[in-house]
Amino acid sequence: MDKKINVVFYQTPSGNEPVREWLKSLSVEDRQNIGNDIKTVEYGWPIGMPVSRPLGNKLYEERSSISDKRIARVIFTIIDHYMVLLNGFVKKTQLTPKEEIDLALKRMKEIQ
């Protein structure tokens, strides 16, 4: 089975990759769970719940369950058959925090 989209990490103007750095801060088990869900999106795009859902403004979230009954989200956009990972975080509330979406929107505008 071929990938339908490829994953790339958003890079800051200085070359940092915030989502990659966030992933490295997580446990191996959590990174594997998130990585498997990202791979599901890569091979199955377009894909919906429970793995992914649209947030609006060309943003989507990849949804992962991680250790200790926590929930992780990676906000991404699709540009020219690339899944650009813009922001990653562990959710603490039911709703996706506005500041996390705003940060992803800001980063998306930087690369367009």
Side-chain angles (χ1 to χ4, degrees):
M1 192 159 132
D2 293 332
K3 285 185 183 181
K4 296 190 177 177
I5 56 175
N6 290 302
V7 171
V8 294
F9 289 90
Y10 159 81
Q11 284 189 351
T12 65
S14 62
N16 294 334
E17 295 175 327
V19 177
R20 186 186 304 266
E21 292 164 13
W22 170 73
L23 285 168
K24 286 180 177 179
S25 74
L26 300 174
S27 72
V28 172
E29 177 187 355
D30 290 345
R31 284 195 307 265
Q32 287 175 337
N33 287 337
I34 294 168
N36 285 334
D37 290 333
I38 289 171
K39 184 169 70 173
T40 299
V41 175
E42 281 183 285
Y43 284 90
W45 186 256
I47 192 167
M49 293 289 280
V51 177
S52 172
R53 78 176 184 101
L55 295 174
N57 295 315
K58 299 182 183 179
L59 292 178
Y60 302 86
E61 71 176 3
E62 175 275 320
R63 305 158 51 87
S64 295
S65 296
I66 57 175
S67 62
D68 300 324
K69 298 183 181 180
R70 296 177 301 154
I71 300 169
R73 297 290 187 257
V74 176
I75 299 177
F76 66 95
T77 191
I78 303 293
I79 299 175
D80 297 329
H81 302 288
Y82 288 94
M83 177 185 184
V84 183
L85 307 183
L86 300 167
N87 189 18
F89 58 96
V90 175
K91 279 184 75 170
K92 295 177 174 58
T93 63
Q94 192 78 14
L95 294 176
T96 301
K98 182 180 180 329
E99 58 269 14
E100 302 291 356
I101 295 171
D102 290 346
L103 178 59
L105 278 170
K106 175 183 173 281
R107 290 175 176 171
M108 183 175 69
K109 289 176 184 172
E110 286 176 19
I111 60 175
Q112 288 182 330

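- In the hydrophobic cluster analysis, where Ile, Leu, Val, Met, Phe, Trp and Tyr join through side-chain heavy atoms closer than 4.5 angstrom, Val84 is grouped together with Phe89.
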Result block: side-chain N/O donor-acceptor pairs under 3.5 angstrom for residues 103-111, not counting sequence neighbours:
unit_1, atom_1, unit_2, atom_2, d
Lys106, NZ, Glu110, OE2, 3.1
Arg107, NH1, Leu86, O, 2.6
Glu110, OE1, Tyr10, OH, 2.4

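- Smallest separation of non-hydrogen atoms from Gln94 and Lys91: O-NZ, 2.7 Å.
- In the hydrophobic clustering of this structure, Val74 does not group with Tyr82; members are Ile, Leu, Val, Met, Phe, Trp, Tyr whose side-chain heavy atoms approach within less than 4.5 Å, directly or through other members.
- Between Trp22 and Leu85 there is no side-chain heavy-atom pair separated by less than 4.5 Å.
- Within the 3.5 Å criterion, the main-chain N or O of Ile66 finds no donor-acceptor partner in the side chain of Asp30.
- Atom CD in Glu100 sits 6.5 Å away from atom CD1 in Ile75 (nearest 0.5 Å).
- To the nearest 0.5 Å, atoms NE2 (His81) and CG (Asn6) are separated by 10.0 Å.
- In plain terms, the two heavy atoms of Ile5 and Met83 that are nearest each other are CD1-CB, 3.6 Å.
- Relative orientation of the Trp45 and Tyr60 rings is perpendicular, given thresholds of 30° and 60° on the angle between their planes.
- Here the CD atom belonging to Glu61 is positioned 7.5 Å from the OG atom belonging to Ser52, to the nearest 0.5 angstrom.
- The two residues Arg20 and Phe9 make their nearest non-hydrogen contact at NH2-CD1, 3.1 Å.
- Here Lys24 contributes atom NZ and Arg31 contributes atom CZ; the two are 9.0 Å apart, rounded to the nearest 0.5 Å.
- Using a 4.5 Å cut-off between side-chain heavy atoms of Ile, Leu, Val, Met, Phe, Trp and Tyr, with links allowed through other members, Val8 and Leu59 fall into the same hydrophobic cluster.
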Please report, to 0.1 Å, the donor-acceptor pairs under 3.5 Å made by any side chain of residues 32-41, with sequence neighbours excluded.
unit_1, atom_1, unit_2, atom_2, d
Asn36, ND2, Gln32, O, 3.3
Asp37, OD2, Ser64, OG, 2.7
Thr40, OG1, Asn36, O, 3.0

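- In this structure, Val51 is a member of the same hydrophobic cluster as Leu23, with clusters built from ILVMFWY side-chain heavy atoms closer than 4.5 Å.
- For the pair Arg73/Leu55, no side-chain contact is recorded, criterion being any heavy-atom separation below 4.5 Å from C-beta on.
- The nearest pair of heavy atoms linking Thr93 to Leu95 is OG1-O, 2.9 Å.
- Here the shortest heavy-atom pairing between Ile79 and Gln112 reads CD1-CG, 4.5 Å.
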